[in-house]
**Q** 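Can you read through this structure? Questions will come right after.
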There are 2 protein chains.
Amino acid sequence: MTDFLPPIQTTARDDAVLKALAGFVMQEKLGPGEKLPTERILAERLKVSRNTVREALTRWEGLGLVERRQGSGTYLKAAVSLDMLHMPLTLAGGNDFAGLMSTLEIRRALEAEAAALCAVRAGKAEIAEIERKLDIMEEAFQTRAGMSSDEDWEFHQAIFRASGNPLFEQIIAAMYELFHRFWEHPLGVRDFGHASFPYHRTIFNCIAAHDPEGARAEALKLIATVEDDLKRGAANLKLSDRK
Amino acid sequence: MTDFLPPIQTTARDDAVLKALAGFVMQEKLGPGEKLPTERILAERLKVSRNTVREALTRWEGLGLVERRQGSGTYLKAAVSLDMLHMPLTLAGGNDFAGLMSTLEIRRALEAEAAALCAVRAGKAEIAEIERKLDIMEEAFQTRAGMSSDEDWEFHQAIFRASGNPLFEQIIAAMYELFHRFWEHPLGVRDFGHASFPYHRTIFNCIAAHDPEGARAEALKLIATVEDDLKRGAANLKLSDRK
DNA sequence: TGCAGAAATTGGTTGGACCATTGAACCACT
DNA sequence: AGTGGTTCAATGGTCCAACCAATTTCTGCA
């Protein structure tokens, strides 16, 4: 007895709309930044109500695939294809010390692995790009006395991108906001991140030398210094809370 | 000259609806599985159109926070709070060999770190729970001649849960579907996963002995065997493609 | 009491209308 | 030429009222 009967598909209007739209995007080879048809046109072409089109687009908007600008149109924000897989993560309450430590543990896991992979796989072009970001970051660090979080971030992004695995960049990009909530309010530690500065170049050196285990070790050291800074900040905060 | 003028915030109806709804859920202490008010009631109470309520709920549904059942109602699927952070990941084309290898690299990074953290933090209760899952899995493995993917999964989940960091479980749970697409069609390798079987107990032993580096090493070995199986499968597939 | 059918409830869809924002075209003035 | 203002069409955002489809609840008959 075959007990696997696929669930019957009665009505899944907006899903169908999304599938059709994804097909359209692929066929027209639309990339990020390009404008897709207006809601009214989509509704007419797909023979559904404009409201249904809107619900479908709302889903894509929530997934960050699309951006809607009133009065202007709807624009692609990322590459879409028919066989996309969505993994929406929602994590609650990252506003406290424990929450930030949690994200740092994730970052330690990913950053170490990505640095190692990068050391194995990065080609000449990728290494040059990483070094460029590193130079920019060091320049900013000197000029602005340690405030180089944006440039710092771009350096790490370049490593993730060169790891040859798009998932690293995606996951870490999704957590960017979470990290940066704190970067802005570094728990009272004024020189937050200073200690981690030198490791950026040591990581790069290992990558350029194609030394995966070295890169992994240096990445771990970097995260460890950030953790220390954080703990120090939390201790300060506790003291000042107590007044 | 200050060249940073933040864009002004005019109207954001559906966002406001979600915020209000999140507040309501918190106030009423609604948990997963519980039913929330009708769309019509929400529309009336919030003084917005039912359409707007629907757009807001559609976003939550897309994020997996809520489930809508026609004729029945809308039900919470996860805990929601006001300070949630959403990180929708969408990855394209996970249907090929490269896509699965990508997910395995993520899994290697997270699984190793989680096992190590677990070895440090797991208490008696957590260790007992993990051993229970391990026993179930080994039982299933003996009985069903190697088909124990569900039980296998629960074992790993238990480790993630005992790592003391909820993010591990969330990320890996989000990738569950991706992993299991292949578990079902293991590229023609009939004994897929057999080689990894013994490492489950060695991982557990290290955790129970509070040996983080040992647990990390065993976890890495486990992933390595899965990677080998996968490569073997890909090779087979290539051969059979060629007929 | 048990159960089939009616009725109410609830999410899903439709079509039409109007509002708010945007951007382009046009125009007047300098 | 360029600056600023006006008009106007296009587009997303919101609203309304009705109906459809699935589900749940109620009702009344056997």
Side-chain angles (χ1 to χ4, degrees), chain A residues 5-22 24-25 28 30 32-78 80, chain B residues 5-22 24-25 28 30 32-78 80:
Chain A
L5 290 178
I8 184 167
Q9 205 64 356
T10 63
T11 49
R13 284 288 233 255
D14 41 5
D15 249 2
V17 168
L18 284 187
K19 236 171 66 180
L21 194 51
F24 173 80
V25 169
E28 298 285 316
L30 296 182
E34 297 198 71
K35 183 176 170 182
L36 35 86
T38 69
E39 297 177 349
R40 290 173 171 85
I41 292 184
L42 285 175
E44 182 196 357
R45 291 279 205 281
L46 298 172
K47 296 285 183 222
V48 296
S49 148
R50 193 181 145 215
N51 253 324
T52 305
V53 172
R54 280 189 116 296
E55 293 231 348
L57 285 179
T58 299
R59 273 230 265 287
W60 270 14
E61 189 187 25
L63 261 38
L65 295 179
V66 117
E67 178 181 354
R68 289 150 120 172
R69 287 206 286 272
Q70 183 174 173
S72 177
T74 305
Y75 300 83
L76 276 178
K77 271 177 68 179
V80 306
Chain B
L5 289 177
I8 81 174
Q9 199 65 353
T10 61
T11 51
R13 280 288 233 267
D14 42 4
D15 252 0
V17 168
L18 284 186
K19 237 171 64 180
L21 195 51
F24 172 81
V25 169
E28 299 285 317
L30 296 183
E34 298 198 71
K35 182 177 170 182
L36 37 85
T38 314
E39 296 178 351
R40 290 173 172 86
I41 293 184
L42 285 175
E44 183 195 357
R45 291 279 205 281
L46 297 172
K47 295 285 183 225
V48 296
S49 144
R50 195 182 144 213
N51 243 323
T52 307
V53 172
R54 279 185 65 67
E55 291 229 351
L57 286 178
T58 298
R59 273 229 268 287
W60 270 13
E61 189 187 28
L63 260 39
L65 294 178
V66 115
E67 178 182 353
R68 282 143 91 145
R69 287 207 285 270
Q70 184 174 174
S72 177
T74 304
Y75 300 83
L76 277 177
K77 270 178 68 179
V80 304

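Every chain is numbered from 1 and lettered A, B, ... according to where its sequence line falls, protein lines coming before strand lines.
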**Q** What is the separation between atom CG on L46(B) and atom P on dC15(D), rounded to the nearest whole Å?
**A**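 For the pair L46(B) CG and dC15(D) P, the rounded distance is 11 Å.
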**Q** Check the distance between dA20(C)'s P and D14(B)'s CG and give it to me in whole angstrom.
**A**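 After rounding, the gap between these two atoms is 17 Å.
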**Q** Which is more 5' along DNA chain C, the nucleotide nearest R69(A) or the one nearest G71(B)? Just name the residue.
**A**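 With R69(A) and G71(B) compared, the 5'-side residue is G71(B).
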**Q** Measure the distance from CZ on R54(A) to P on dT14(C) and round it to the nearest whole Å.
**A**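 Value for this atom pair: 15 Å.
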**Q** Spell out yes or no: do the side chain of N51(A) and the base of dG12(C) have one donor N/O and one acceptor N/O closer than 3.5 Å?
**A**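 There is none.
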**Q** Name the closest nucleotide to the T52(A) side chain, picking from dG11(C), dT14(C), dT22(C).
**A**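 For the T52(A) side chain, the nearest candidate turns out to be dT14(C).
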**Q** Please report, rounded to the nearest Å, how far the C1' atom of dA22(D) is from the CD atom of Q70(B).
**A** 5 Å
**Q** What is the distance, to the nearest angstrom, from the OH atom on Y75(A) to the P atom on dT22(C)?
**A** 11 Å
**Q** If you only use heavy atoms from C-beta on, which nucleotide in dT10(C), dT14(D), dT11(D) is closest to the side chain of K35(B)?
**A** dT10(C)
**Q** Which atoms form the tightest heavy-atom contact between V25(B) and L36(B), and what is the distance?
**A**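 Distance-wise, the nearest heavy atoms are CG2-CD2, 4.5 Å.
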**Q** Do any side-chain nitrogens or oxygens of T74(B) fall under 4.0 Å of OP1 or OP2 in dT10(C)?
**A**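 No, outside the criterion.
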**Q** Would S49(B) and R54(B) count as having a side-chain donor-acceptor pair, cut-off 3.5 Å?
**A** no
**Q** Taking NZ, NE, NH1 and NH2 as the nitrogens, is one of them in K77(A) or E67(A) under 4.0 Å from a carboxylate oxygen of the other?
**A**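 No salt bridge links K77(A) with E67(A).
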**Q** Would you say R68(B) reaches dG12(C)'s phosphate, i.e. side-chain N/O to OP1/OP2 under 4.0 Å?
**A**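 Looking at the OP1 and OP2 atoms of dG12(C), one of them is under 4.0 Å from a side-chain N or O of R68(B).
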**Q** Send over the distance from D15(A) CG to dG12(C) P, rounded to a whole Å.
**A** 12 Å
**Q** Which heavy atom of A56(B) sits nearest a heavy atom of D14(B), and at what distance?
**A** CB-O, 3.8 Å
**Q** Under 4.0 Å between a side-chain N or O of S72(A) and OP1 or OP2 of dT11(D)?
**A** no
**Q** Roughly, in whole Å, what's the span from CG in L42(A) to P in dG13(D)?
**A**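 It works out to 13 Å between those atoms.
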**Q** Is T38(A) reaching over with its side chain to a backbone N or O of I41(A), donor-acceptor style, under 3.5 angstrom?
**A** yes
**Q** Any donor-acceptor pair under 3.5 Å joining the side chain of R50(A) to the base of dG16(C)?
**A**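 Answer no: no donor N or O sits under 3.5 Å from an acceptor.
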**Q** If you check the R40(B) side chain, which of dG12(C), dT11(D), dA20(C) turns out closest?
**A**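 Comparing dG12(C), dT11(D), dA20(C) against the side chain of R40(B), the answer is dG12(C).
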**Q** Taking atom C1' of dG12(D) as reference, at what distance in whole Å does atom CH2 of W60(A) sit?
**A**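 To the nearest whole Å, that distance equals 17 Å.
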